[in-house]
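Computed from a predicted structure; not experimentally measured.
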Amino acid sequence: MADKIRFFPLDVMYKVIDNKPVIHLFGKTVDNKQICVLYDSFEPYFYVIPKKGFDIADELKNFKFTGNNQIYSITKIETVKKKYLGKDVNAIKVFTKLPRDVPIIREELKNIKNIESINENDILFVRRFLIDKNIVPMTLYEAEGIFGQQNLKVPSFKAEKIESYGTETFLQPKILSVDIETYTPQYMEIEPEKNPILMISFYAKDFQKVFVWKRFKNNLDYIEFVDSEEALIKKFKETIEIYKPDILTGYFSDGFDLPYIKARADKYKIKLDLGLDFSEIKIEKRRDTTVQITGITHLDIFKFIRKVISGTLETETYNLNAVASELLDEKKHDVDLNELSKAWDNNEEIKKFCEYNLNDAKLSYKLAEKLMPTISEMVKITGLTIYDVNRMGFSQLVEWYLLRQAPNFNEIAPNKPSNDDVLKRRLQTYKGAFVFEPKPGLYNNIVVFDYRSLYPTIIGSHNIGPGTLNCSCCQGEATYAPTEDNKKIWFCNKKKSFISTLIEDLITRRTRIKEIIKDQTDEKFAILDARQNSLKLLANSFYGYLGFFMARWYSIECAQATTAFGRYYIKDVNKKAEKFGFRVIYGDTDSLFITLGDKSKEDAETFSEKINRELPGLMELEFEGFYPSGIFVSAKVGAYGAKKKYALIDEKGILKIKGFESVRRNWSLIAKEVQEKVLNVILKEHNDEKAFEYVKKVIDDLRNKRIPLEKVIIHTQLQKEISDYDSRGPHVAVAQRLKNKGINVGPGSMIKFVVTQGSDIIRNRSKLPEEIKEEDYDSDYYIHNQVVPAVERIFNVLGYKKEELLEIKDQTKLEGFF
DNA sequence: GTGCCTCGGGG
DNA sequence: GTGTACGAGGCAC
């Protein structure tokens with residue numbers, strides 16, 4: 001007698017049991033209990049496309065070979081009618097016993113004649129399963145089968161059938177956030193092999209805890225003392241086992257917290273078998289380290305923010321403080337972590353560090369909670385697990401969306417490029433967007449128009465895609481893309497491409513959501529807004545994907561045609577605006593900035609309506625906004641304005657600033673300070689004279705050594721052993737001197753140095769702050785290489801020249817100015 | 001200009 | 001694990 005259960009899948013893996021791959025879907029039942037649903041009837045396969053006119057079915061059916069003392073064979077084949085890039089093909093679906101047989105058999109098949117190509121042989125088994133069985137994580141399914149006995153931490157259910165059960169989404173995963181503080185003396189690198197973890201904090205909706213292995217008096221109920229680091233790590237393991245989170249999150253926990261905990265656990269020979277199948281946490285050390293726990297979704301919220309939503313944030317640095325400030329309007333505690341190790345050694349007060357620790361865990365928790373709607377929408381669109389969505393960039397998300405959709409179009413996916421292909425593709429370049437450069441200066445009554453989702457709507461409206469590119473059926477009939485060279489690129493008039501169908505679907509789905517979003521409550525709004533934003537992000541990534549060298553559906557011609565149409569449309573509206581009586585001051589890619597002159601705001605709206613009546617398909621010109629005034633910035637040295645650098649003020653007095661990059665951490669404090677102050681004075685006080693004089697004063701202060709040494713120190717981290725450097729930058733030279741003095745420096749050491757006066761190369765003039773006197777720094781270096789570059793672009797907005805900044809100022813005029 | 005190196009996030 | 005995915009900017013040459 002079969003049972004039925006309803007559940008939301010969250011994580012998926014497979015195991016070979018009795019020489020059969022068994023899919024394990026870990027998730028939550030409708031009554032919120034952990035479950036593992038097993039499915040053993042899914043067979044690995046891939047496609048073989050024979051050369052036209054050849055029948056190799058029998059040869060494949062009987063294909064066998066021996067290797068590694070094993071016999072590999074094809075278990076069965078099916079001949080299927082498929083499409084490959086829009087064209088009909090007769091393909092052979094080749095099945096194997098185990099997933100790991102696929103790459104072996106694929107290699108061996110390369111010896112067979114008359115094979116055109118082998119496809120879809122590198123799609124991981126569990127992802128293949130999710131696609132073919134139409135299973136989307138986080139949505140509701142019903143499984144039919146029996147409860148079984150498996151060696152798992154959660155009940156298991158052996159399913160015969162798994163079917164979609166409505167559209168309900170799992171919205172309340174149990175999230176547990178973790179954060180650690182470690183012993184790291186100042187100037188020393190982070191060394192998990194040497195230095196202990198001092199405390200571990202957890203934060204969840206209904207649970208807060210800081211474990212620490214040094215006792216002190218306090219009245220905080222969330223602090224729990226343990227006797228040693230070893231006990232601390234055991235507590236870490238125990239806490240997760242007891243709390244049973246669906247999602248374990250942290251900020252950069254892929255790259256720091258979890259690998260550190262693992263390294264320390266190894267030292268004490270503590271097995272971190274947190275996987276729901278009793279497996280140990282898996283650390284993959286690549287450039288981007290990843291940490292995986294079977295059955296528990298490890299979400300590194302930093303990674304998601306940087307990879308997926310960084311483009312939508314104002315901040316340019318993605319540290320916890322900056323991101324939490326922007327997204328949560330909350331900050332990290334103001335604590336100097338360098339003091340922690342000292343305090344620890346000297347048995348001083350460490351309470352504030354525990355509070356700091358818990359706060360960090362709380363911030364990560366809140367970020368995860370806040371971004372959950374966006375993440376779950378990405379999961380629902382791409383059909384990937386949260387774990388995968390978390391670690392993929394845009395091009396991969398687009399690719400997995402296409403891979404998931406391909407079977408619905410009966411399409412076989414193209415292969416990933418070979419190394420040779422990648423090299424060739426990397427060399428290909430093409431013309432990008434059109435930019436109408438502004439003359440720097442101040443303007444009044446500005447109206448901004450932009451084409452809504454320009455590239456996505458072009459791809460949709462002009463049927464762009466590798467499958468419709470230069471089709472033989474429309475040769476000579478279709479109009480060419482306006483590429484402005486002799487390249488003849490056209491797209492089919494008769495059938496819609498796979499890619500453009502999908503992108504139009506994304507656009508219309510988004511438009512629908514934006515329509516209903518207007519009258520929604522706060523809660524509903526957040527989810528729908530996240531959803532429309534995910535759709536937008538994905539649609540916007542298609543163009544880049546088509547031109548991305550690693551893409552399966554790569555097509556330089558498609559990318560080229562997209563920008564060509566883009567240039568055509570923006571130039572077209574530019575011409576029409578001038579004809580209508582506006583003055584165009586700036587245009588870039590998809591937007592047009594005009595001044596009204598003697599026309600009104602209403603005229604501008606009439607204009608955009610007129611344009612829209614003539615646009616094809618889903619293309620639309622939007623009236624983005626009206627701004628009483630604005631300034632356009634000059635970028636590098638030169639008479640002309642720059643792309644994407646401007647500041648506008650709207651009718652409410654709110655500033656809109658674009659294109660001012662912030663300085664990186666290895667700049668001196670003085671450069672950072674000056675940039676910040678100048679932006680403030682110009683953008684808030686509108687007093688460019690004051691900003692200018694301020695910088696002149698700082699430059700003068702530098703010349704006269706009135707800026708203290710501490711503000712000119714540059715911090716650079718040593719990345720490897722000194723002897724391993726071929727090219728010796730300033731910090732390497734300084735590190736060498738430190739080493740000569742007997743100070744232990746190595747990879748990870750933060751080297752502080754100051755560039756001093758002289759005529760030698762910078763490396764030889766870089767000294768340790770303690771080696772030199774207060775006034776030894778090279779004023780010219782700091783003026784020309786630090787302060788001026790930090791503000792130069794900002795001043796070009798106002799027509800000031802770099803030279804004017806550098807003029808020796810008249811001391812008397814400025815008395816008492818600041 | 002080319003090529004090598006560093007940064008990010010975390011303590 | 002049916003693998004393998006950075007990209008921008010500074011300094012030395």
Side-chain angles (χ1 to χ4, degrees), chain A residues 13-14 16 21 44-46 94 96 98-107 118-129 179-186 188-192 195-199 250-260 282 284 286-289 300-303 305-307 310 316-323 335-341 353 356-357 360 364 391-396 399 416-417 419 422 548-551 661 663-667 714-720 724-732 748 750-751 761-763 766 785 789:
Chain A
M13 53 94 74
Y14 84 93
V16 176
Y45 72 88
F46 57 97
V94 174
T96 68
L98 296 175
R100 61 169 171 263
D101 297 344
V102 169
I104 298 163
I105 291 174
R106 174 242 286 151
E107 283 311 306
I118 301 173
N119 292 67
E120 304 198 10
N121 55 73
D122 55 355
I123 294 174
L124 298 185
F125 186 63
V126 293
R127 291 186 188 152
R128 171 92 280 169
F129 167 79
D179 186 55
I180 67 171
E181 304 303 329
T182 65
Y183 184 81
T184 316
Q186 201 166 6
M188 299 305 281
E189 59 182 304
I190 295 173
E191 288 175 293
N195 298 319
I197 300 167
L198 307 180
M199 54 185 84
Y251 204 82
F252 199 45
S253 45
D254 254 348
F256 179 71
D257 301 80
L258 295 186
Y260 206 111
K282 287 179 274 297
E284 299 242 354
R286 275 184 260 139
R287 191 194 67 80
D288 255 12
T289 301
D300 181 346
I301 197 65
F302 157 72
K303 231 173 226 178
I305 288 165
R306 202 201 47 192
K307 291 200 162 187
S310 61
E316 294 195 33
T317 55
Y318 302 106
N319 57 51
L320 181 56
N321 198 44
V323 170
V335 162
D336 181 359
L337 264 191
N338 288 321
E339 289 172 16
L340 170 58
S341 301
F353 299 104
Y356 167 90
N357 188 204
D360 278 4
S364 319
R391 285 158 186 82
M392 285 183 185
F394 275 120
S395 49
Q396 287 169 88
E399 186 147 289
K416 283 191 269 194
N419 289 341
V422 169
F548 176 52
F549 59 85
M550 288 296 286
E661 64 283 89
V663 290
R664 301 207 303 178
R665 94 166 177 197
N666 58 338
W667 281 55
I714 297 169
H715 298 79
T716 308
Q717 199 177 32
L718 211 60
Q719 289 304 107
K720 47 188 181 183
D724 292 343
Y725 280 91
D726 296 327
S727 173
R728 304 168 67 80
H731 67 297
V732 184
M750 184 61 78
I751 307 298
I761 57 173
I762 290 171
R763 171 172 69 208
S766 300
N785 295 48

Do [X] and [Y] come close enough that some side-chain heavy atom pair is under 4.5 Å?
X: A:I305; Y: A:Y251; value: yes
X: A:M199; Y: A:D179; value: no
X: A:K303; Y: A:R391; value: yes

Could you tell me how far apart [X] ([atom1]) and [N] ([atom2]) are, to the nearest whole angstrom?
X: A:K307; N: C:dG7; atom1: NZ; atom2: P; result: 10 Å
X: A:D288; N: C:dG7; atom1: CG; atom2: P; result: 11 Å
X: A:M392; N: C:dC6; atom1: CE; atom2: P; result: 14 Å
X: A:I105; N: C:dT2; atom1: CD1; atom2: P; result: 14 Å

side-chain hydrogen bond (donor to acceptor under 3.5 Å, both in side chains) partners for A:R106, two or more places apart: A:N121
Which residues share a side-chain hydrogen bond (donor to acceptor under 3.5 Å, both in side chains) with A:S395, sequence neighbours left out: none
Working for side chain to side chain contact (heavy atoms under 4.5 Å, CB included), residues A:T182 and A:I180: CA-CA 7 Å; A:T182 65; A:I180 67 171; 3.7 Å; yes
Compare the minimum distances between each of [options] and the side chain of [X], then state the nucleotide with the smallest one.
X: A:N319; options: C:dC6, C:dG7, B:dG10; value: B:dG10
X: A:I762; options: C:dA12, B:dG9, B:dG11; value: C:dA12
X: A:N338; options: B:dG10, C:dA12, B:dG11; value: B:dG11
X: A:F548; options: C:dA5, B:dG11, C:dT2; value: C:dA5
X: A:Y14; options: B:dG9, C:dT2, C:dT4; value: C:dT2
X: A:Y251; options: B:dG11, C:dA5, B:dG9; value: B:dG9
X: A:F125; options: C:dG3, C:dC6, C:dT2; value: C:dT2
X: A:Q396; options: C:dA5, C:dC11, C:dG1; value: C:dA5
X: A:K416; options: C:dT2, C:dG3, B:dG11; value: C:dG3
X: A:P103; options: C:dA12, B:dG11, C:dT2; value: C:dT2

Between C:dC6 and B:dG11 - P atom distance, rounded Å: 25 Å
Inter-nucleotide P distance (C:dG1, C:dA5), Å rounded: 11 Å
Position toward the 5' end of DNA chain B (nearest nucleotide), A:I180 or A:R287: A:R287
Using a 4.0 Å heavy-atom cut-off across all strands, classify [X] as base, sugar-phosphate, or nothing.
X: A:R763; result: sugar-phosphate
X: A:R106; result: sugar-phosphate
X: A:D360; result: sugar-phosphate

Distance-only donor-acceptor test, A:E284 side-chain atoms vs C:dG3 base atoms, 3.5 Å: yes
